[in-house]
Each structure stands twice: as structure tokens, then as C-alpha cells.
Amino acid sequence: MGGEARSHRTLRVGEQVRHALSEILMRGEVHDPVLSGATVTVTEVRMAPDLRTATAFVKPLLGRDEAVVLKALRTNTAYLQSEVARRVQLKYAAKLRFLLDESFDEGGKIDALLRAPAVARDLGGD
């Protein structure tokens, strides 16, 4: 039962961290030319069971400049951590890690595959 409550708590805190990060990025609070010129979606935040580490999955709009945006996020990690800690009250400030969300790419590949003429014909059941 304890593990179930903990996983619910990690999901809840992860969503709070995701919301705080999204707000910071959306409002352009990070004084970085790359981040102020990019629209970045925080798709998910996974918290470690002890809530001390948060892995944020991000996706720049239309997948543009992913490597550059990821580097800018990592460069500004200390600022982002302090801002998230201010907004999400935890015993310890969570250490942030940023990774690209590859699930959109997978979805796009699957969508393209489903639209391929041979596959569409087979799925059509004609």
C-alpha cells in the first residue's frame, strides 16, 4: 500500500513541477535568447521516488532546433531549479534533468506508416 501512495504522490508532484516549468518557459522568465525565441512544451515530468530528481521531457515547437534548445535548458538548469523550488513546495529542491520527448517522433513514424498506400490498402479490408 505504501508504494501505491508513493507512486500517486510522485505523479502529483511531477505534474506540479511540469506545470511550474511550463509556466516559467511560456512567460519567457529565463533570460536566454534561445529559450525566449522558442516555444517549448514540457510533455511530462517523472519524479524519482524520493522526489529529489525530476526528469523533464521536452519538445520544441515543430521539433525545431532540438539540440540547441536542450543545451539552453541544461545551461539554465540552476535558475529553473530555483524557480521550480519556489513554486512547488517540497522538503528538498528537486534536481532537474532535461531529455527530449521522442514519443512524438514515434507517433509521427507510426502515422506515416499507417498512411502508406500498401498499409492503408491492407487496413481498408477491401
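Computation of the quantities below employed the complete heavy-atom set of this structure, encompassing side-chain atoms and omitting hydrogens, waters and symmetry-equivalent molecules.
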Excluding sequence neighbours, so at least two apart, what forms side chain to side chain donor-acceptor pair (under 3.5 Å) with [X]?
X: Arg86; result: Glu83
X: Asp32; result: Asn76
X: Glu29; result: Arg87

Quick one: does [X]'s side chain get under 4.5 Å of [Y]'s, heavy atoms only?
X: Leu25; Y: Leu73; value: yes
X: Val69; Y: Val58; value: no
X: Leu96; Y: Val45; value: no
X: Leu70; Y: Pro60; value: no

**OP:** Please write out which residues are connected to Phe57 in a hydrophobic cluster, directly or through intermediates, given that two of Ile, Leu, Val, Met, Phe, Trp, Tyr count as joined at side-chain heavy-atom separations below 4.5 angstrom.
**Re:** Leu99
Reported [atom1]-to-[atom2] distance for the pair [X] and [Y], which is rounded to 0.5 angstrom:
X: Gln16; Y: Leu21; atom1: CD; atom2: CG; value: 12.5 Å
X: Thr43; Y: Asp101; atom1: OG1; atom2: CG; value: 3.5 Å
X: Asp50; Y: Tyr92; atom1: CG; atom2: OH; value: 9.5 Å

**OP:** Apply the side chain to side chain contact (heavy atoms under 4.5 Å, CB included) test between Met47 and each candidate in Thr53, Val13, Leu11, Thr55; give the one that qualifies.
**Re:** Val13
Subject >> Residue list, salt bridge (charged side-chain N to carboxylate O under 4.0 Å, His left out) with Arg97, at least two apart or on another chain >> reply: none
**OP:** Mind checking salt bridge (charged side-chain N to carboxylate O under 4.0 Å, His left out) for Arg12 and listing every partner two or more places apart, or none if nothing turns up?
**Re:** none
**OP:** Could you state whether Tyr79 and Leu35 fall into the same hydrophobic cluster, counting links through intermediate Ile, Leu, Val, Met, Phe, Trp or Tyr residues with side-chain heavy atoms under 4.5 angstrom apart?
**Re:** yes
**OP:** Tell me whether Val68 is reachable from Leu100 by hopping between hydrophobic residues (I, L, V, M, F, W, Y) whose side-chain heavy atoms are closer than 4.5 Å.
**Re:** yes
**OP:** Report the C-alpha separation of Arg52 and Lys95 in whole Å, then their side-chain angles, then the decisive distance to 0.1 Å, and conclude whether the side chain to side chain contact (heavy atoms under 4.5 Å, CB included) test is met.
**Re:** CA-CA 6 Å; Arg52 289 187 184 216; Lys95 183 175 191 272; over 6 Å; no
Original post:
Step by step, would you call Thr10 with Leu51 a side chain to side chain contact (heavy atoms under 4.5 Å, CB included)?
Top reply: CA-CA 7 Å; Thr10 58; Leu51 304 178; 3.7 Å; yes
